[in-house]
Amino acid sequence: MASKEEIRAAHRAGRAALTHAGLSSAGAGIARHGLAWASGLTGGRPGIFAAYLGVGSEPPTLPLLTALHEAGHKVLLPVCEPGLALSWVYWTPASESVRSRYAPIQEPAGERHDTTVMRDAHGIFLPATAVDFSGNRIGQGGGYYDKFLAALAALLPSLAKTSDGGLLPPLPTAAVVFDGEVLPAGSIPAESFDRKVAAALTPGGLLRLQP
C-alpha cells in the first residue's frame with residue numbers, strides 16, 4: 001500500500017497537468033452536485049455550510065460557494081490560527097480577502113468564530129487530495145483539519161461509527177476531489193486519529209462511500 005505522502009504527491013502532480021478549461025468544467029460540476037447535496041440536507045430550506053476556497057490546481061470551489069450563497073445558504077470559510085487551529089468567517093461574494101499569516105493562502109476578512117459556530121451548521125465540504133471507498137481521506141498535509149475534526153467531535157459528540165469501528169464526523173461531510181481521486185476501498189492508510197467521510201463530491205457527482 002502506498003503511503004499518504006506518496007498518494008498526495010502523485011495526485012498533486014496530476015492536478016498540476018490540468019488545463020484551465022478542465023478546471024473550469026470541474027468547478028461547474030462541483031457546484032451543481034454540491035448544491036444538490038446541500039439542498040437535500042436542508043430540505044430545500046436555507047442552511048449553513050462550512051466550505052473552503054480551492055486555489056491553484058485544487059478542485060475549484062468558488063462556483064460552489066457562489067451557488068450556495070445564491071440559493072440562500074450561509075457559507076463559512078476557514079481562517080488559519082496559531083497552533084493549527086481554524087476559526088470561521090461568514091463569506092459572501094462581496095467579502096474581502098487577506099493574506100493568511102500562517103499559510104500560503106488568501107482568507108476571508110471579517111468577524112471570526114470558533115468551532116462552536118458549527119452547532120448551527122448543516123454540513124461540511126472538506127478539502128482532500130484523495131479519498132477511498134472505505135471513507136479514508138488524505139488532506140493537504142497541514143494538520144489543520146485533523147485538529148478541527150477532533151474539536152468538532154468534542155463539541156458535538158456522535159456515536160456514528162463505520163463498519164470497521166472508525167468514527168464519522170458528527171455533521172454530514174463531503175470531501176471535494178477530482179473524479180480520478182476516489183480510490184478503491186482500503187487504498188489509503190488509516191490512523192487512529194483520522195475521521196472518515198461518508199461522501200466524495202466530484203465534478204461527476206456525489207459518491208456515497210462505504211465507511
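If you're wondering where the values come from, they're calculated on a predicted model, not measured in any experiment. All residue numbers in this chain count up from 1 along the given sequence.
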Check: Cluster partners of L18, using ILVMFWY side-chain heavy atoms under 4.5 angstrom, listed by chain and number?
Finding: L23, F178
Next item on the list: Apply side chain to side chain donor-acceptor pair (under 3.5 Å) to the pair S87 and D114, showing each step before the final yes or no.
Entry: CA-CA 5 Å; S87 59; D114 63 17; over 6 Å; no
Check: Which pairs with one or both residues in residues 81-106 pass ring pair (Phe, Tyr, Trp, His ring centres under 6.0 Å), sequence neighbours excluded?
Finding: W88-F148, Y90-H113
Checklist line | Side chain proximity check, V131 to I138, heavy atoms < 4.5 angstrom | finding: no
Next item on the list: Considering non-hydrogen atoms only, spot the tightest contact between A175 and V197 and give its length.
Entry: CB-CG2, 4.2 Å
Checklist line | Residue pairs involving residues 12-41 (criterion ring pair (Phe, Tyr, Trp, His ring centres under 6.0 Å); sequence neighbours excluded) | finding: W37-F125
Note to self: Going by the rule salt bridge (charged side-chain N to carboxylate O under 4.0 Å, His left out), which residues pair with E81 if we only count those two or more places apart in sequence or in a different chain?
What the structure shows: R112
Notebook entry, point to check: Counting distance only, does the side-chain N/O of D132 pair as donor-acceptor with the main-chain N or O of G135 below 3.5 Å?
Noted result: yes
Check: Does the N136 side chain pair with the main chain of A190, one donor and one acceptor, at a distance under 3.5 Å?
Finding: no
Notebook entry, point to check: Going by heavy atoms in the side chains, are L183 and I7 under 4.5 Å from each other?
Noted result: yes
Can you list, pair by pair, the side-chain donor-acceptor contacts under 3.5 Å of residues 45-53, counting residues two or more places apart and other chains?
residue: R45; atom: NH2; partner: T42; partner atom: O; Å: 3.4

Margin query: Tell me which pairs pass side-chain hydrogen bond (donor to acceptor under 3.5 Å, both in side chains) where either residue lies in residues 53-75, with sequence neighbours left out.
Written below: E58-Q140
